> 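Encoded as C-alpha cells, here's the structure I'll be asking about.
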Amino acid sequence: MKSGSASEKSAGKGKDGSVMPKTETVRSKKKTLSKTLEKTVKKTRQKIDKTEEKRTAEKDSLSLKERAEISYRNRLKKHYDEMKWLYHELYHGADEAFQYLLGLLEKYALSREEDLLILDEERMAKPNWYKNNEQIGTLLYVDHFATNLQGVEKNLSYLKESGFNYLQIMPILESPKGKSDGGYAVSDYRKVQPELGSMEDLRSLSKACHKDGMIIGLDFVMNHTSEEHEWARRARGGEKEFQDRFFVFDDWGIPNEFEKTVPQVFPESAPGNFTYYEDMHKVVMTTFYPYQWDLNYANFMVFNDMLETALYFCNQGTDVFRLDAVPYIWKRLGTNCRNLPEVHTLVRLFRMAIEIVAPGVLLLGEVVMEPTKVMPYFGTDEKPECHLLYNVTTMATTWHTLATQDTRLLQHQLGQIFTLPKDKIFLNYLRCHDDIGWGLDYEFLAQFDMAEVPHKAFLNAYFRGFADFSEARGELYNDDPLKGDARLCGTTASLCGIEAGVKEGNQEKIDAAIRLDLMLHAFLLSQSGIPVLYSGDEIAMENDYSYHDDPLKRHDSRYLHRGNFPWDKAAKRKKKGTVEEKLYSGILRLEAMRRKNKAFSAMADTWIIDTKNIHVLAFGRYYEGEKILCFYNFSVSDEIAYVSEVEDYVNVFTNEGMKARDLRIPSHDFLWLKTSF
C-alpha cells in the first residue's frame with residue numbers, strides 16, 4: 001500500500017472520518033489543552049481558597065492574646081538581626097545584657113492589656129493612620145488645666161468639643177519642688193507627682209481617651225534625671241555602679257576638656273556643663289541645670305533600664321512619646337556632644353524595641369535645631385527613627401514674618417519642606433510651653449540686610465510692644481546682653497495684640513487682633529503634618545503675670561504663658577460676640593475645613609505660589625482630584641496677590657465662586673480657594 005500524500009500526512013481525521021487540515025488539528029488540541037488548564041487552574045484556586053479559608057478560620061479561632069503573641073514573634077524576627085548588630089556595636093561583648101533586653105521585650109509584649117492589643121491590630125492594619133488630616137492636638141499641663149489627672153479625664157468632653165483628638169501632656173512624673181525644671185528633672189520614673197494623681201489615674205485617662213477616639217502623648221525625659229533620683233542618690237553615697245550611670249569625675253581635668261568644645265544651654269541662668277558636689281567631692285556633668293544629672297548611655301544598664309521605662313508606659317496606654325532633648329543623649333570628649341552618630345543608633349534601637357512590643361506607638365523627636373540637624377532624626381526608609389519631629393523652624397519663622405511683614409524667608413523654608421518625602425511628618429505649632437528662640441537662617445536673611453544680633457533685638461522689641469505697628473505683649477527669656485541673644489515668651493493671643501486691645505477697651509484693635517490670631521491658626525492648620533495648639537490658645541488665653549510673685553517661678557519667664565487654664569474665659573466661648581466666642585468658633589471652622597478637605601492630607605502635593613508681593617505668602621495643595629490654594633497677608637495693610645490661575649475656584653468657607661486672579665486680601669487675613677478635577 002502506498003503511503004498517503006503529503007497533504008494527507010499533514011491532516012487528521014474528523015469525527016465523521018473526514019480528513020482535517022493540520023492547522024485545525026492543532027486548534028482542536030489547543031482547545032482541549034486550554035480546557036484542561038482551566039480545570040486545573042480552577043481546582044488549584046479552589047484548593048488555595050480552601051487553604052485560605054482554613055487559615056482564616058484557624059486565625060479567627062485564636063484568642064486575641066494568641067494572635068498578639070504570634071504577631072509579636074513575627075515582629076521580633078523581623079528586627080532581631082539589626083537590633084543585635086546595633087546593640088553590640090554600642091556595647092561590645094554585652095551578650096548577657098542583650099539577652100536581658102530580649103527578656104524585657106517578651107515581658108512587656110505579652111502583658112499588654114486587651115484594649116491595647118486591639119489598638120495594635122488596628123494600627124498594624126493601617127500603618128499610616130497618623131498621616132492624614134484628622135489628627136489635631138492640644139498641649140497642656142495637667143495641674144494648670146484641671147488640677148489632676150482625674151480632672152483632665154472629667155474634662156475630655158471639652159477637648160473633644162474643641163476638635164482635639166490628640167492630647168499631649170506635659171511632664172507628670174515625680175520631681176522635687178523648686179528643682180523640677182517644669183517636671184523635666186525626674187526623681188522617680190514609676191511614680192506620678194502625688195498632687196497630680198497616680199499611675200492608676202493615668203491608665204484610666206488613657207482608656208478614656210481611646211474610648212473617645214483620642215490618642216495620648218507623654219514626655220520621655222531620657223537625657224538626665226533629677227539629683228534626687230535613686231541612681232543619683234546611690235552615686236552620691238559612693239556606689240561605683242551608680243556613678244557609672246552618669247558622668248562623674250574625681251577632679252576638673254576631664255570636665256574642663258569637655259568645656260572647650262561643648263556649648264552652654266543656659267549661659268545666664270545655668271552657666272557651664274558641670275557641677276561640683278561637695279558631699280562626694282566629685283564633679284558631675286549637668287548640661288541643663290545643676291540638679292539634672294546627664295545619663296551615660298555608653299553604659300548598657302542605662303539603656304536597658306530607660307528602655308524598660310518606655311515599655312512600661314507603652315503598657316499604660318501611651319500613644320506618643322515626646323523624646324526630650326534627644327540630640328544630647330550621647331557624649332564624647334572633643335565634640336560638642338550634640339547629634340553624634342550614636343544618638344541615631346540609640347533612637348533606632350528605641351524605635352525597633354517599641355515597634356516590637358507596641359506597634360503603633362509613635363516617637364516624637366524634640367530636636368530644637370536648624371533643619372539640617374533636624375531631618376536626620378527621621379532616619380531612612382530602610383531604618384526609620386522618629387515618626388514625628390517638631391517643626392521648630394516654621395514656628396519661629398512665622399513670628400519673624402509677622403514682625404517684618406516679609407514672607408521671603410518663610411517661602412524659602414516652606415519650599416524646602418515641600419520637597420521632602422510625604423511620609424516625613426512634622427508636628428506643627430504656633431506656641432508651646434517653651435520660649436521662642438530666634439534660630440533663623442541668618443545667612444539667607446543677610447541678603448536683605450538682616451544681621452543676626454540687631455535683628456534679634458528688633459524681634460524682641462517688636463514682640464514686647466516697643467516697635468512700630470506692634471500691639472504684641474511678651475517678655476524676654478534668658479537675656480544675654482553680651483551676645484545679644486535673648487529669646488521670647490508670651491501666649492499667642494497676647495503676641496497677636498488681643499491682650500493690649502482688651503486692656504485699652506479698643507474694639508477696633510480687638511477685632512484686628514482676633515483676625516490676625518485666626519490667620520495664624522489658618523496657616524498652622526493648612527500645613528502638612530499634625531497641628532497642635534497650646535491649651536488656652538483656642539479661647540484667647542492671655543499672659544499670666546502672677547508668676548512674678550511666686551518665688552519658685554519668678555526666675556523663669558516661660559511661666560508667663562504657662563498660666564492656669566482660664567475656665568471663666570472658656571465659659572464665654574458660647575456667648576455670641578465675645579472675644580472668646582469669635583476666636584473659638586473661628587478655630588472650630590478652620591479645624592472642620594481641614595478635616596473635610598482631603599487636600600490637607602499629609603500625602604498631598606504642595607508647592608509655593610509666587611504672588612509677586614513679599615507681604616503675601618501663598619501655596620497650593622493637591623490630592624486625589626482636589627486642589628486648594630492658600631493665601632496669607634502678613635502686612636498691616638491690605639495687599640494684592642498677583643496670581644493668575646486658570647481654573648474656577650470657590651471660597652472654602654462661603655462656597656462663593658471666584659477667580660484666582662489679582663486677589664485683594666485684607667490686612668492680617670487669609671483666603672482658601674478650592675477647585676476639583
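Predicted model only: the values in this text are computed from it and were never measured.
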> Between Gln193 and Ile172 (side chain of the first, backbone of the second, donor and acceptor by atom type, cut-off under 3.5 Å), is there such a pair?
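No; zero donor-acceptor contacts below 3.5 Å.
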
> Do Asp434 and Tyr390 make a side-chain contact, defined as non-hydrogen atoms from C-beta onward lying under 4.5 Å apart?
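They are not in side-chain contact.
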
> Under the salt bridge (charged side-chain N to carboxylate O under 4.0 Å, His left out) rule, collect the residues that match up with Arg233, sequence neighbours excluded.
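With sequence neighbours excluded, Arg233 shows a salt bridge (charged side-chain N to carboxylate O under 4.0 Å, His left out) to no residue whatsoever.
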
> Keeping Arg234 on the side-chain end and Phe242 on the backbone end, is there a donor-acceptor pair under 3.5 Å?
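A pair under 3.5 Å: no.
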
> Is there side-chain contact between Cys314 and Arg112, with at least one heavy-atom pair below 4.5 Å?
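Yes; the side chains approach each other to less than 4.5 Å.
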
> Any side-chain heavy atom of Leu389 sitting closer than 4.5 Å to one from Lys424?
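Heavy-atom side-chain distance check fails, nothing below 4.5 Å.
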
> Assess whether a salt bridge exists between Lys207 and Asp115, defined as any Lys/Arg side-chain N lying under 4.0 Å from an Asp/Glu carboxylate O.
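Looking at Lys207 and Asp115, the cut-off is not met.
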
> Which atom names give the shortest non-hydrogen contact between Phe164 and Met214, and what distance separates them?
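Minimum heavy-atom contact is O-CE, 3.5 Å.
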
> So, Arg75 side chain and Glu355 main chain: donor-acceptor pair closer than 3.5 Å or not?
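Present.
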
> Test Trp129 against Glu134 for side chain to side chain contact (heavy atoms under 4.5 Å, CB included), laying out the working first.
CA-CA 9 Å; Trp129 62 272; Glu134 290 294 319; over 6 Å; no

> For the backbone of Gly217 and the side chain of Arg322, can you confirm whether one donor and one acceptor N or O come within less than 3.5 Å of each other?
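No, Arg322 side chain to Gly217 backbone: no donor-acceptor pair under 3.5 Å.
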
> Whether the side chain of Asp324 engages the backbone of Asp219 through a donor-acceptor N/O pair (distance < 3.5 Å, no angle test) should be reported.
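No.
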
> Out of the candidates Trp293, Tyr297, Tyr328, Phe288, only one should pair with His224 under the ring pair (Phe, Tyr, Trp, His ring centres under 6.0 Å) rule; please name it.
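So, applying the ring pair (Phe, Tyr, Trp, His ring centres under 6.0 Å) to His224 and each of Trp293, Tyr297, Tyr328, Phe288, only Phe288 qualifies.
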
> Ignoring hydrogens and geometry beyond distance, is a side-chain donor-acceptor pair present between Ser204 and Glu153 at under 3.5 Å?
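A donor-acceptor contact under 3.5 Å links the two side chains.
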
> In sequence, state the C-alpha distance, the side-chain angles, and the governing distance for Trp231 and Leu295, and then conclude on side chain to side chain contact (heavy atoms under 4.5 Å, CB included).
CA-CA 10 Å; Trp231 297 353; Leu295 287 165; 3.7 Å; yes

> Measure the spacing between NE2 of His387 and CG of Leu427 and express it to the nearest 0.5 Å.
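Reported value, rounded in 0.5 Å steps: 14.0 Å.
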
> After noting the C-alpha distance and the side-chain angles of Gln413 and Thr393, does the key distance pass the side-chain hydrogen bond (donor to acceptor under 3.5 Å, both in side chains) rule?
CA-CA 8 Å; Gln413 291 177 335; Thr393 302; 5.5 Å; no

> Restricting to non-hydrogen atoms, name the atom on Tyr141 and the atom on Gly182 that form the minimum distance, rounded to 0.1 Å.
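It is CE2-O, 4.1 Å.
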
> Output all residues satisfying salt bridge (charged side-chain N to carboxylate O under 4.0 Å, His left out) with Lys131, sequence neighbours left out; order by chain, then residue number.
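Listed in chain order: nothing, the list is empty.
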
> Within the 4.5 Å heavy-atom criterion, are Ser226 and Lys179 side-chain neighbours or not?
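No - every pair of side-chain heavy atoms lies 4.5 Å or more apart.
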
> Report the C-alpha distance between Ser198 and Asp201 in whole Å, list the side-chain angles of each, state the deciding distance to 0.1 Å, and finish with yes or no for side-chain hydrogen bond (donor to acceptor under 3.5 Å, both in side chains).
CA-CA 5 Å; Ser198 64; Asp201 293 332; 3.3 Å; yes

> By ring-ring contact (aromatic ring centres under 6.0 Å, His included), which residues pair with His344, not counting sequence neighbours?
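Once residues adjacent in sequence are excluded, the partners of His344 under the ring-ring contact (aromatic ring centres under 6.0 Å, His included) criterion are Tyr377.
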
> Is Lys282 salt-bridged to Asp250, going by a charged N under 4.0 Å from an acidic O?
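A salt bridge links Lys282 with Asp250.
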
> May I ask you to decide if Lys373's main-chain N or O and Arg338's side chain share a donor-acceptor pair within less than 3.5 Å?
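Absent.
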
> Would you check if Phe350 and Phe303 make a side-chain contact, meaning some heavy-atom pair closer than 4.5 Å?
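Side chain of Phe350 against side chain of Phe303, heavy atoms only: contact under 4.5 Å found.
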
> Kindly give the heavy-atom pair with the smallest separation between Pro327 and Val343, and that separation in Å.
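Shortest heavy-atom separation between Pro327 and Val343 comes out as O-CG2, 3.7 Å.
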
> So does Gly625 get a backbone contact from the side chain of Tyr622, meaning a donor-acceptor N/O pair under 3.5 Å?
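Answer holds: yes.
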
> Is there a side-chain hydrogen bond (donor to acceptor under 3.5 Å, both in side chains) between Arg348 and Thr345 once you walk through the steps?
CA-CA 5 Å; Arg348 176 64 182 150; Thr345 300; over 6 Å; no

> First locate atom CD of Gln316, then atom CE of Met199, and finally report the distance between them rounded to the nearest 0.5 Å.
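So the gap between those two atoms works out to 6.0 Å.
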
> Less than 4.0 Å between a side-chain N and a carboxylate O, is that true for Lys126 and Glu122?
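Result for this pair is no, no salt bridge flagged.
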
> Are Arg190 and Tyr312 in a cation-pi contact, defined as NZ or CZ under 6.0 Å from the six-membered ring centre and within 45° of the axis?
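Yes; both conditions hold, so Arg190 lies above the ring face of Tyr312.
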
> Determine whether Leu346 and Leu90 make a side-chain contact, defined as any pair of heavy atoms from C-beta on separated by less than 4.5 Å.
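They are in side-chain contact.
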
> Between Leu205 and Leu156, is there a side-chain heavy-atom distance shorter than 4.5 Å?
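They are in contact (side-chain heavy atoms under 4.5 Å apart), so the answer is yes.
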
> Evaluate the side chain to side chain contact (heavy atoms under 4.5 Å, CB included) criterion for residues Leu333 and Lys260: first the C-alpha distance (whole Å), next the side-chain angles of each, then the deciding distance (0.1 Å), finally the verdict.
CA-CA 10 Å; Leu333 194 63; Lys260 291 178 181 178; over 6 Å; no

> Roughly how far, to the nearest 0.5 Å, is the CZ atom of Phe258 from the SG atom of Cys337?
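It is 5.0 Å, given to the nearest 0.5 Å.
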
> Check whether Thr225 reaches the backbone of Val186 with its side chain - one donor and one acceptor, N or O, closer than 3.5 Å.
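Checking the backbone N and O of Val186 against the side chain of Thr225, no donor-acceptor pair under 3.5 Å is found.
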
> Quick check against the 3.5 Å criterion: does Asp441 have a side-chain atom that pairs as donor or acceptor with the backbone of Leu409?
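No: the side chain of Asp441 does not pair with the backbone of Leu409.
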
> Identify whether the distance between the nearest side-chain nitrogen and carboxylate oxygen of Lys331 and Glu342 falls below 4.0 Å.
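Judged by the 4.0 Å cut-off on N to carboxylate O distance, Lys331 and Glu342 do not form a salt bridge.
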
> I'd like to know if Asp319 and Arg123 make a salt bridge, using a cut-off of under 4.0 Å between side-chain N and carboxylate O.
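Counted as a salt bridge, because a side-chain N and a carboxylate O are separated by less than 4.0 Å.
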
> Measure the spacing between CG of Leu167 and NZ of Lys160 and express it to the nearest 0.5 Å.
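Taking CG in Leu167 and NZ in Lys160, the distance rounds to 13.5 Å.
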
> Any chance you could measure Tyr291, atom OH, to Glu228, atom CD, to the nearest 0.5 Å?
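It is 12.0 Å, given to the nearest 0.5 Å.
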
> Between Glu82 and Lys78, is there a salt bridge with N-O shorter than 4.0 Å?
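No.
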
> Keeping Asn428 on the side-chain end and Ser528 on the backbone end, is there a donor-acceptor pair under 3.5 Å?
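Yes, because the side chain of Asn428 sits within donor-acceptor range (under 3.5 Å) of the backbone of Ser528.
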
> Can the ring centroids of Phe313 and Phe321 be said to lie less than 6.0 angstrom from one another?
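No, they do not, as the ring centres are separated by 6.0 Å or more.
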
> Please tell me whether Gln292 and Asp181 have a donor and an acceptor in their side chains that are separated by less than 3.5 angstrom.
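Judged by distance alone, the side chains do pair up.
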
> Taking everything shown except Lys65 itself, do over 12 heavy atoms lie less than 6.0 Å from its NZ?
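Yes, the 6.0 Å shell around NZ holds more than 12 heavy atoms from other groups.
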
> When you check the gap from the basic side-chain N to the acidic O, do Glu174 and Lys191 get nearer than 4.0 Å?
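Lys191 and Glu174: salt-bridged.
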
> Verify side-chain hydrogen bond (donor to acceptor under 3.5 Å, both in side chains) between Asn304 and Tyr87, making sure each step is shown before the conclusion.
CA-CA 10 Å; Asn304 285 356; Tyr87 194 89; 3.0 Å; yes

> Going from OH on Tyr289 to OG on Ser180, what distance comes out if it is rounded to the nearest 0.5 angstrom?
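The OH atom of Tyr289 sits 10.0 Å away from the OG atom of Ser180.
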
> Applying side chain to side chain contact (heavy atoms under 4.5 Å, CB included), run through Asn165 and Arg595 and close with a yes or a no.
CA-CA 12 Å; Asn165 55 7; Arg595 288 189 168 114; 3.4 Å; yes

> Less than 4.5 Å apart, side chain to side chain, heavy atoms only: is that true for Phe247 and Thr286?
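A side-chain contact under 4.5 Å is absent here.
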
